[in-house]
Amino acid sequence: MRAFFLFILISFFLFLTTNSFAQFKGNKKKTNTTGWNYNDPFYGGFEYVEFKKPSLPKEAKKTFQNMNAIMGGTFRMWACSINEFSEKDSTLIVGSFPIRVTVSSFYLSKYEVSNKEYREFTNWVIDSVKLSFLAKSDESFYKNKEKKQLDWSKRKELNSEENIEKLMPLCLPITERYCKRIEFDTKRAVYQYFSNTDSILIQIYPDTASWENDFSFAYNEPMTNMYYWHPAFDNYPVVGVSYKQALAYCNWLTKKINMEICKAEKIDYDMAVKESNPILLPNFRLPTEAEWEFAALAFIRNHIDERFFYRRFFPWETNNLFDEKGNYYANFGQILDKNGMEVKSFVQDNSMRKSNKPYALGDNYFHTGMVSILSPNNYGLYNMSGNVAEWVLDCYVEDSTTKYIIDSMFFEEQRKEMLKKIEESKNHTDILDGLYEKKVDYEKFDLSTEKGRNYYYKLIKEYEHNSYVNEKFPDSRIVKGGSWAQGPAYLQVGARTIYPENKSSCMIGFRLAMTEKPKIK
């Protein structure tokens, strides 16, 4: 009897032990640091959840597949061959000394944002404005009235005769309509987003009149009327978009793709954002100037560690503007010689190409070309120089070092007197050799020598030029790459131009960047 009781007791003990072990094995995990259990109240309840990496849904893949991974590195920024400039270079910043910069890995889009892609944004905003307007008088347009969430399934009802009549206050007055066609007033296309704690409202429709405003005496009315909406220009880069409008597009696209991911994973988007769920992609944004320049140079197969085989100023692997067949590497403006004679035009001369002349006269593009024209650089990025210039995140700050040197050595009257004397001597063209290739020791420059005076003359003229440009364009951002209407000096990767962040131009577009997301295995 005693043996039987002992057997029962041992069996019960083994059952409890086995059950506890199985429960621990199935539900408990230990930390390698302390050996404590995760998610166990006895050990403080430290939460740990296995993260399953989600796959991008089809809607998100279409956008993200055009984002190229750029491995970070160190390079020499602002290297440029510009030694001379004119007053016509009204947006060009000159005299930036090259600096050594390290860039973290990131993503950059292959192409500039196209009309079709940006038009999807404007159409979404316009429909949201219409739905919000109708919801004020009809609550059925709300999916959640308390949270003011619109019911986007009602989008198909916007074109009904009844709703068109209700939406007339949002349309242009009869006197401003094109061929008496009922048109939505694009000034009402306002997008709201949040930056830190600030709520930002911005009109997002591109300035189609920039084609006429930038070139007052050119017949660009057809571009104003058709460039943004006509299907023939779908894959052309969007222009007439300000820096702030580009940021609004990045914010909208981030939200759109992350909502698609949450929908595929059956997770509430608002909750995922609040909890910083790792399934969300990082924000789309504009590249920094350093990121843009590093990606444009694409020093692949051109260096070992930080030793470069040769320096170049353009995204392609030569410092020439055209190849041996006379085909230009970029879509950029015409070139005139010192007598004002045309060397390179906008229109291709096929007869010269067939005759195997050393170069052809044009590049086939009178204005912009499609975002995929010509050949990509070594990172697979198209039109990093030419086609349209591109916004980057950086704002321009005047060179305080140069200002300090000038102000500390001469007062205003003395500076003007020095410039006048050097102008009269006509010796200022002898610029210090290798100025951009080595650090200059200002203290050792002797202004009594011709070389010293020449360098100082150049320093003053560059500073005064940059000050003029900065005063002309307050609240400016850096623009990189040069456009279809600008010359070769602007195409140099190290060249810098500035433009007001609230204004737009038919020569400026943008492309997307994204901070690299930590890889979860």
Side-chain angles (χ1 to χ4, degrees), residues 88-93 108-109 111-119 121-122 202-216 218 220 223-224 227-228 233 235-250 284-289 291-293 295-296 315 330-333 365-371 373 381-396 469-470 472-493 495-513:
K88 294 181 180 179
D89 297 320
S90 58
T91 64
L92 191 64
I93 299 298
L108 193 65
S109 58
Y111 313 109
E112 296 147 338
V113 174
S114 67
N115 283 320
K116 180 174 63 176
E117 292 168 333
Y118 193 84
R119 196 161 60 239
F121 172 42
T122 56
I202 182 170
Q203 293 180 358
I204 51 86
Y205 207 82
D207 181 12
T208 55
S210 61
W211 289 98
E212 298 173 58
N213 296 335
D214 289 351
F215 298 94
S216 303
N220 280 339
M223 300 298 285
T224 294
Y227 184 79
Y228 181 61
F233 293 102
N235 292 320
Y236 283 62
V238 66
V239 297
V241 175
S242 70
Y243 169 84
K244 291 189 175 180
Q245 288 174 325
L247 291 185
Y249 176 84
C250 293
F284 285 98
R285 57 177 174 80
L286 297 177
T288 65
E289 184 181 8
E291 286 175 337
W292 188 97
E293 195 167 324
N331 170 23
F332 61 99
Y365 306 104
F366 189 77
H367 293 109
T368 58
M370 288 193 293
V371 295
I373 61 170
L381 307 173
Y382 289 79
N383 296 304
M384 292 300 285
S385 284
N387 214 27
V388 292
E390 299 172 11
W391 291 110
V392 295
L393 281 175
D394 302 58
C395 58
Y396 172 66
V469 173
N470 198 35
K472 184 179 179 181
F473 299 117
D475 301 323
S476 297
R477 297 282 170 172
I478 300 290
V479 178
K480 302 287 283 186
S483 74
W484 57 271
Q486 293 172 318
Y490 291 79
L491 300 185
Q492 297 180 96
V493 173
R496 315 171 75 201
T497 60
I498 63 174
Y499 206 75
E501 62 180 25
N502 290 315
K503 293 188 177 182
S504 56
S505 168
C506 66
M507 296 180 284
I508 301 176
F510 68 102
R511 73 176 68 223
L512 302 171

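Please read all numbers here as calculations on a predicted model, not as lab measurements.
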Problem - Those residues that, when tested against Thr122, pass side-chain contact (heavy atoms from CB on, under 4.5 Å) (two or more places apart) - result: Tyr118, Arg119, Ile204, Tyr205, Pro206, Tyr228

Completion exercise
By side-chain contact (heavy atoms from CB on, under 4.5 Å), Asn213 pairs with (sequence neighbours left out) Asp207, Ala209

Problem - Approximate separation, where rounding is to 0.5 Å, of Met223 CE and Thr208 OG1 - result: 11.5 Å

Practice task
Output yes when a side-chain donor or acceptor of Asn220 lies under 3.5 Å from a complementary backbone atom of Trp211, and no otherwise.
Solution key: yes

Practice task
Could you tell me whether the side chain of Ile508 reaches within less than 4.5 Å of the side chain of Ser483, counting heavy atoms only?
Solution key: no

Problem - side-chain hydrogen bond (donor to acceptor under 3.5 Å, both in side chains) partners of Tyr227, counting only residues at least two apart - result: Thr368

Fill in the blank from the handout: Residues Lys472 and Pro474: closest non-hydrogen pair is O-CD, 3.3 Å

Exercise for the section: Run the numbers on Val371 and Glu117 for side-chain contact (heavy atoms from CB on, under 4.5 Å), then give the verdict. Expected result: CA-CA 12 Å; Val371 295; Glu117 292 168 333; over 6 Å; no

Handout entry: Main-chain N/O of Val392 paired to Arg477 side chain as donor or acceptor, under 3.5 Å
Key = no

Exercise for the section: Kindly state whether the ring of Tyr249 and the ring of Phe510 have centres lying under 6.0 angstrom apart. Expected result: yes

Completion exercise
The reported gap from CZ in Phe233 to NE2 in His367 (rounded to nearest 0.5 angstrom) is 8.5 Å

Exercise for the section: Mind checking the OH-CG spacing from Tyr111 to Asn383? Nearest 0.5 Å is all I need. Expected result: 10.0 Å

Exercise for the section: Working to the nearest 0.5 Å, report the span between CD1 of Ile478 and CG of Leu286. Expected result: 13.0 Å

Handout entry: Contacts of type side-chain contact (heavy atoms from CB on, under 4.5 Å), residue Lys244, not counting sequence neighbours
Key = Ile202, Ser242, Glu501, Asn502

Completion exercise
Ala489 and Ala495 have their tightest heavy-atom pair at O-CB, 3.4 Å

Practice task
Spell out, as yes or no, whether a donor-acceptor pair under 3.5 Å connects the side chain of Thr497 to the backbone of Val479.
Solution key: yes

Exercise for the section: For the residue pair Leu393 and Arg285, establish whether any side-chain heavy-atom pair is separated by less than 4.5 Å. Expected result: yes

Fill in the blank from the handout: When rounded to the nearest 0.5 Å, the distance separating NZ of Lys503 from OG of Ser210 is 13.0 Å

Practice task
Determine, using ring centers only, whether Phe215 and Trp484 are less than 6.0 Å apart.
Solution key: yes

Practice task
Kindly write out the residues that satisfy side-chain hydrogen bond (donor to acceptor under 3.5 Å, both in side chains) with Glu390, not counting sequence neighbours, or none if the list is empty.
Solution key: Trp292, Arg511

Exercise for the section: Work out which heavy atom in Ser109 is nearest to a heavy atom in Leu381; give both atom names and the distance. Expected result: O-CD2, 3.6 Å

Practice task
Could you tell me which non-hydrogen atom of Val469 sits nearest to which non-hydrogen atom of Leu92, and how far apart they are?
Solution key: CG2-O, 4.0 Å

Exercise for the section: Mind listing the closest non-hydrogen atom pair of Pro237 and Gly369 along with its distance? Expected result: CD-O, 3.1 Å

Problem - salt bridge (charged side-chain N to carboxylate O under 4.0 Å, His left out) against Glu289, all qualifying residues, sequence neighbours excluded - result: Lys480, Arg496

Problem - Those residues that, when tested against Trp391, pass side-chain hydrogen bond (donor to acceptor under 3.5 Å, both in side chains) (two or more places apart) - result: none

Practice task
Considering non-hydrogen atoms only, spot the tightest contact between Val241 and Ala246 and give its length.
Solution key: CG1-N, 3.7 Å

Exercise for the section: Go through the structure and list residues passing side-chain hydrogen bond (donor to acceptor under 3.5 Å, both in side chains) with Asn387, not counting sequence neighbours. Expected result: Glu112, Asn331

Exercise for the section: Carefully, step by step, assess Leu512 and Cys250 under the rule side-chain contact (heavy atoms from CB on, under 4.5 Å). Expected result: CA-CA 7 Å; Leu512 302 171; Cys250 293; 3.7 Å; yes

